[in-house]
Amino acid sequence: MLLVSVALVSVLLGMAWAGQPGPPAPDGPVRTSGELATEPTPDTLPGGSGTAARAAPGLPRGRVASAATVPDVPRAWRRIAAKANAWPPAASPPTLGEVQTLPTVPASRMRDTLGLNIDLWRTQDGYQDFAPVLAKVTELRLRHARVGMQSTGEHGLARMQQLGRIGVRLGVVMGDAFGRYNTAPFSTLDERLHETVMPYVDSVEGTNEPDLANRPDWSARAKGHQGSVVQSVVAERGEPVAVVAPSLGRIANVPEFGSYTGLADAANAHAYSSAGEPSVPLDQWAQALQTQLPGGPVVVTEAGFQTDVGQTKYHTPLPAEIAAAYTPRILLEAIRRGMPRVYLYEMIDRWGDPFGVDTAAHFGLLNADLRPKPAWTALVRLQRALLDGGAPDRDVTPLRATVVNGPADLRVLAFRRTDGTATMALWRAVSQWDNQTLVPTL
């Protein structure tokens with residue numbers, strides 16, 4: 001008999017399950033990449049694969065720490081997107097009173113979907129000592145981090161290795177087509193990628209939000225830079241590395257981007273909802289990006305919420321408690337749409353902002369002193385509820401169930417474990433915060 005447990009993912013009541021680059025100098029506990037490369041590299045996070053370590057083929061081993069083998073990421077992403085296309089539309093409620101086949105994914109899909117933006121080059125506030133950051137990464141059972149290969153310092157590279165050595169796979173933004181963000185020349189970034197962190201990388205990405213560079217040639221420059229990104233990993237194209245298209249700051253600029261067929265394995269969405277219900281921007285970006293990569297998967301490289309309700313100048317805020325309700329729904333809605341990866345923005349508040357002057361400082365799931373916000377606690381509990389092994393794109397037996405009653409905005413998604421049991425997530429695609437008047441709606 002099928003054992004079905006109900007995960008408390010419903011967030012109708014808003015329940016909480018509960019800048020500038022840093023100085024170019026490493027903090028005390030962080031060692032150089034050469035020192036890190038001499039140590040063993042077990043895949044130590046709970047639920048790790050435990051596979052034999054290896055180095056990327058054809059790469060020098062002098063400074064490269066070996067890493068556990070990862071799946072063929074481009075293939076997995078394509079399979080995930082294709083499977084979701086066979087389901088009813090994501091915005092359709094389940095049919096009431098009838099036995100039906102629910103959208104069902106491997107339980108490991110949750111852990112493989114969840115990623116965080118982590119600013120490894122910062123050395124102040126929460127990033128001053130990296131050991132506590134690593135401890136929080138382990139608490140979350142994090143498997144994926146989006147990081148920038150942009151600074152000229154060394155401490156960020158050492159931190160990438162430290163993440164890799166505990167089983168975190170890196171999605172690396174490969175510099176900038178316009179030289180913003182204190183980036184090094186691309187040839188230098190390419191060399192550092194291959195000599196220090198390539199075994200931990202499962203995807204590389206082009207220029208971040210080139211449309212915000214205020215350059216008339218932004219689209220052409222971004223596409224030229226993307227060609228360099230592809231060439232950087234051409235030797236690994238038969239290996240697990242995926243190439244993600246550049247992101248955009250504004251969805252209205254997608255038509256000018258043009259096609260990226262042959263230049264990317266996945267399109268790239270910055271699916272911020274401006275403190276609104278999170279499923280809407282996922283649908284908007286998925287539809288718009290079909291012109292960029294027709295039929296291809298969509299990776300969400302940024303999505304999140306500004307939680308200082310006293311600041312409204314640049315980013316619409318919402319209370320931390322409602323962010324805790326919305327944040328798991330970003331992941332569930334993305335999985336429901338076949339989006340294989342979501343990098344939430346961001347892991348830690350940019351800085352303490354004691355005078356409340358920087359809205360961009362409050363997107364973290366952790367405060368600047370690493371105290372968890374309610375959304376962090378919600379994600380920790382969600383991960384624990386669904387922690388499981390197995391490939392995230394493997395075939396699973398669909399769950400058949402009867403939904404007796406429910407509102408039109410009810411959403412259901414089943415997660416199948418390797419032992420055959422299942423967990424069912426239920427939530428409502430309903431707004432809990434008026435992003436105009438800034439008051440709760442429930």
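Residues take their numbers from the sequence shown, with the count starting at 1. Please read all numbers here as calculations on a predicted model, not as lab measurements.
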Using a 3.5 Å distance criterion without hydrogens, assess whether the side chain of [X] forms a donor-acceptor pair with backbone atoms of [Y].
| X | Y | result |
| --- | --- | --- |
| Lys313 | Thr359 | no |
| Gln306 | Asp308 | yes |
| Ser108 | Gly390 | yes |
| Glu321 | Pro374 | no |
| Thr113 | Arg341 | no |
| Arg141 | Val380 | no |
| Arg159 | Leu120 | yes |
| Arg109 | Pro392 | yes |
| Tyr127 | Asp119 | yes |
| Arg143 | Arg169 | no |

Is the closest side-chain heavy-atom distance between [X] and [Y] below 4.5 Å?
| X | Y | result |
| --- | --- | --- |
| Glu154 | Leu157 | yes |
| Leu379 | Leu331 | yes |
| Asp349 | His362 | yes |
| Trp376 | Arg371 | no |
| Phe257 | Asn268 | no |
| Glu205 | Val299 | no |

Next on the checklist: Checking Glu277 against Arg428 for the salt bridge (charged side-chain N to carboxylate O under 4.0 Å, His left out) test, could you report, in this order, the C-alpha distance in whole Å, the side-chain angles of both residues, the deciding distance, and whether it holds?
Outcome noted: CA-CA 10 Å; Glu277 197 280 318; Arg428 291 185 60 188; over 6 Å; no

[atom2] on [Y] to [atom1] on [X], rounded to 0.5 Å:
| X | Y | atom1 | atom2 | answer |
| --- | --- | --- | --- | --- |
| His194 | Leu189 | NE2 | CG | 11.0 Å |
| Leu413 | Met424 | CG | CE | 10.5 Å |
| Arg384 | Leu140 | CZ | CG | 9.5 Å |
| Glu346 | Glu302 | CD | CD | 8.5 Å |
| Asp72 | Asp202 | CG | CG | 11.0 Å |
| Asp358 | Tyr314 | CG | OH | 9.5 Å |

Partner set under side chain to side chain contact (heavy atoms under 4.5 Å, CB included) for [X], not counting sequence neighbours:
| X | answer |
| --- | --- |
| Ala81 | Pro297 |
| Thr316 | Ser274, Ala275, Asn435, Leu438 |
| Asp211 | Glu209, Trp218, Leu248, Arg250, Asn253 |

Which of these passes side chain to side chain contact (heavy atoms under 4.5 Å, CB included) with [X]: [options]?
| X | options | answer |
| --- | --- | --- |
| Met174 | Thr207, Leu193, Val243 | Leu193 |
| Met149 | Thr188, Val173, Val197 | Val197 |
| Leu344 | Leu114, Asn117, Val300 | Leu114 |

Looking only at heavy atoms, what is the nearest atom pair of [X] and [Y], with distance?
| X | Y | value |
| --- | --- | --- |
| Gly148 | Met160 | O-CE, 3.5 Å |
| Pro281 | Ser273 | CG-CB, 3.6 Å |
| Val241 | Ser203 | CG1-CA, 4.4 Å |
| Gln432 | Ala325 | OE1-CB, 3.6 Å |
| Trp285 | His270 | NE1-O, 3.2 Å |
| Pro372 | Leu366 | CA-CD2, 3.6 Å |

Checklist entry - Would you call the rings of Phe305 and Tyr326 parallel, tilted or perpendicular if under 30° counts as parallel and over 60° as perpendicular? => result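 Phe305 and Tyr326: tilted rings.
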
Next on the checklist: What verdict does the ring-ring contact (aromatic ring centres under 6.0 Å, His included) test give for His315 and Tyr272, after you've listed the backbone C-alpha separation in whole Å, the side-chain angles of each residue and the deciding distance to 0.1 Å?
Outcome noted: CA-CA 10 Å; His315 302 282; Tyr272 292 100; 7.5 Å; no

Next on the checklist: Taking the basic N atoms (NZ, or NE/NH1/NH2) and the acidic carboxylate oxygens, is any pair closer than 4.0 Å for Asp388 and Arg111?
Outcome noted: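 No, this pair does not count.
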
Item to check | Trp121 vs Val147, side chain to side chain contact (heavy atoms under 4.5 Å, CB included): CA-CA, chis, key distance, verdict | outcome: CA-CA 9 Å; Trp121 301 98; Val147 299; over 6 Å; no

Next on the checklist: Looking at Gln287, I want to see if its CD is surrounded by more than 12 non-hydrogen atoms of other residues, nucleotides or ligands under 6.0 Å.
Outcome noted: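 Atom CD in Gln287 is not crowded, with 12 or fewer foreign heavy atoms closer than 6.0 Å.
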
Next on the checklist: Go through it in stages, so that I can follow the logic: the residues are Glu333 and Arg336, the test is salt bridge (charged side-chain N to carboxylate O under 4.0 Å, His left out), and I'd like the CA-CA distance, side-chain angles, deciding distance and then a yes or no.
Outcome noted: CA-CA 5 Å; Glu333 296 281 5; Arg336 184 64 182 76; over 6 Å; no

Next on the checklist: What verdict does the salt bridge (charged side-chain N to carboxylate O under 4.0 Å, His left out) test give for Asp176 and Arg215, after you've listed the backbone C-alpha separation in whole Å, the side-chain angles of each residue and the deciding distance to 0.1 Å?
Outcome noted: CA-CA 13 Å; Asp176 183 72; Arg215 293 278 300 266; over 6 Å; no

Item to check | Pair Ser279, Arg329: side-chain N/O donor-acceptor within cut-off below 3.5 Å | outcome: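 Side-chain D/A pair, Ser279 to Arg329: absent.
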
Item to check | Step-by-step salt bridge (charged side-chain N to carboxylate O under 4.0 Å, His left out) determination, Asp393 to Arg78 | outcome: CA-CA 9 Å; Asp393 63 324; Arg78 289 192 298 269; over 6 Å; no

Item to check | Derivation and outcome, side chain to side chain contact (heavy atoms under 4.5 Å, CB included), residues Asp190 and Gln231 | outcome: CA-CA 10 Å; Asp190 183 37; Gln231 287 301 310; over 6 Å; no

Item to check | Full working for side chain to side chain contact (heavy atoms under 4.5 Å, CB included) between Val73 and Asp265 | outcome: CA-CA 9 Å; Val73 176; Asp265 297 302; over 6 Å; no

Item to check | Steps toward side chain to side chain donor-acceptor pair (under 3.5 Å) verdict (Gln150, Asn208) | outcome: CA-CA 11 Å; Gln150 295 175 331; Asn208 184 71; over 6 Å; no

Item to check | Worked check of side chain to side chain contact (heavy atoms under 4.5 Å, CB included) between Ile251 and Gln284 | outcome: CA-CA 8 Å; Ile251 196 170; Gln284 291 172 336; 3.9 Å; yes

